[in-house]
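Data first, discussion second: the structure below is written as structure tokens.
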Amino acid sequence: MACDCDYILPRMDDWEEHYQNCSTIWIKDHGIEAPKNSDGSLQLRNRHLSTLQRDVLYHLGLDTENYDLPAMFGDVKFVCIGGTKHRMKEFAKYIAKVLNIPDDGLPNLTKRSHRYAMYKVGPILSASHGIGIPSMTVLLQEVIKLLSYAKAKDPIIFRIGTSGGLNILPGSVVISSFGLNGTLKKSYDIPVMGKIMEIPSIFDKRLNQELLYIASEEKRFSTFSGGTLAADDFYQGQARLDGPFCNYTESDKLSFLSVLVGLGVKNIEMEATAFAALTREAGLRSADVCVTLVNRLEQDQVTPSKSVLLEWQQRPMLIIGKYISKYYETRYKL
Ligand SMILES: O=P(O)(O)O[C@H]1O[C@H](CO)[C@@H](O)[C@H]1O
Ligand SMILES: O=c1cc[nH]c(=O)[nH]1
């Protein structure tokens, strides 16, 4: 667990100081050194990087020689990532409105690479990551390097996504407390040079609780905290019966989903484990906030209309928008 305390929003004013203690507890437990500089900027724990004359952030279309990254991104405090370019542009527009910042037409900052989309509104960065762990981790790792080179101070990162729910009403939101991989372990497992490297995939408990507290003020939908299965596939990997291939029965599917429910899993998406693991490794506080589009105990197909789906996708944005505006209300004036 990130921290044992029950420290939630009502006392949010001194939360940064508190977090230092909590993260120290976690770091001691897991034997990971604090990867932060004294000014709160991220320290990259890769000595090979110091031998590079310039670092090319290939998928972002940026580099450390031709761009003044501290001038461009040094003020970033919050990063929000999510699957689609459309959603992340909508989030950028929404947060500009919430914080009353002119949105300057929102140019796509990665346009030289044509791979992802990234927008900046004041101290908020909004970027798309595509589908699944490999696509998301490429974006995430380059964003981590970007934040470190820019010397952004104590940044916090959110994923706003969609998912399949387990036993909860579609349209509900889940804030992940841990990610579970396809073999039901709380870790992100990645083959590195022929061996599996396992990284724990537990989310920051206090950030989770603060977001849950904020979300509980919203009466139009319910928000839950719980585990998230990060599948490597949308179809068989999520025990669906409607893919092009399937050699298990409906009863097999339902038994598997009830095992997940028994493990405290509330939703299924495709990035939670790697997102929890790599942000934790980088010393970046993070939360995965996903709306559910379907109750997977009842159906596999995602059937709500386009307008309903778009409205539901705004729900994680509402929670994060409220969190960010509360942060500035209680701490700083923009
Ligand atoms: O809505 P996003 O962010 O794309 O996330 C979910 O939707 C995609 C599958 O449709 C997967 O990436 C899954 O994690
Ligand atoms: O069921 C779902 C819905 C959205 N995204 C997923 O990964 N699964």
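Note that these values count all heavy atoms, side chains included, but never hydrogens, waters or copies made by symmetry. Indexing begins at 1, ligand by ligand and atom by atom, following the structure's order.
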Report all N/O contacts between ligand 2 and the protein shorter than 3.5 Å as a table of atom names and distances to 0.1 Å; if there are none, say 'none'.
residue, atom, partner, partner atom, Å
ligand 2, 1 (O), Gly164, N, 3.4
ligand 2, 1 (O), Arg240, NH1, 3.3
ligand 2, 1 (O), Arg240, NH2, 2.7
ligand 2, 7 (O), Gln238, NE2, 2.9
ligand 2, 8 (N), Gln238, OE1, 2.9

Considering only the protein, which heavy-atom contact is closest to atom 12 (O) of ligand 1, and what is its distance? Glu271 OE2, 2.6 Å

Atoms of ligand 1 less than 4.0 Å from Gly132 heavy atoms? 12 (O)

Does a salt bridge link Asp154 with Lys36, judged by any charged N lying under 4.0 Å from a carboxylate O? yes

Taking atom 9 (C) of ligand 1 as the reference point, the nearest protein heavy atom with its distance: Phe234 CD1, 3.8 Å

Treat each ILVMFWY residue as a node, draw an edge where side-chain heavy atoms are under 4.5 Å apart, and state whether Leu241 and Leu257 are in one component. no

Can you check whether Met270 has an N/O within less than 3.5 Å of an N/O in ligand 1? yes

To the nearest 0.5 Å, tell me how far Met136 CE sits from Thr273 OG1. 7.0 Å

From CG (Leu140) to CG (Leu278), nearest 0.5 Å: 5.5 Å

When distances are taken from atom 8 (C) of ligand 1, the protein heavy atom at minimum range is Ile131 CG1, 4.1 Å

Below the 3.5 angstrom mark, is there an N/O of Gly83, backbone or side chain, next to an N/O of ligand 1? yes

Gap between atom CG of Leu42 and atom CG of Leu284 - 0.5 Å precision: 5.0 Å

Separation of Asp232 CG from Gln238 CD (nearest 0.5 Å): 10.0 Å

CG-CZ distance between Leu99 and Phe78, expressed to the nearest 0.5 angstrom: 9.0 Å

With the threshold set at 4.0 Å, does a side-chain nitrogen-carboxylate oxygen contact exist between Lys120 and Asp75? yes

So does Asn267 get a backbone contact from the side chain of Ser163, meaning a donor-acceptor N/O pair under 3.5 Å? no

Quick one: does Arg87 get a heavy atom under 4.0 Å from ligand 1? yes

Check whether any side-chain N or O of Glu65 sits under 3.5 Å from a backbone N or O of Arg54 as a donor-acceptor pair, and report yes or no. no

Among protein heavy atoms, which sits nearest to atom 5 (O) of ligand 1, and what does the distance come to when rounded to 0.1 Å? Arg159 NH2, 3.4 Å

Do Thr162 and ligand 1 have an N or O pair less than 3.5 Å apart? yes

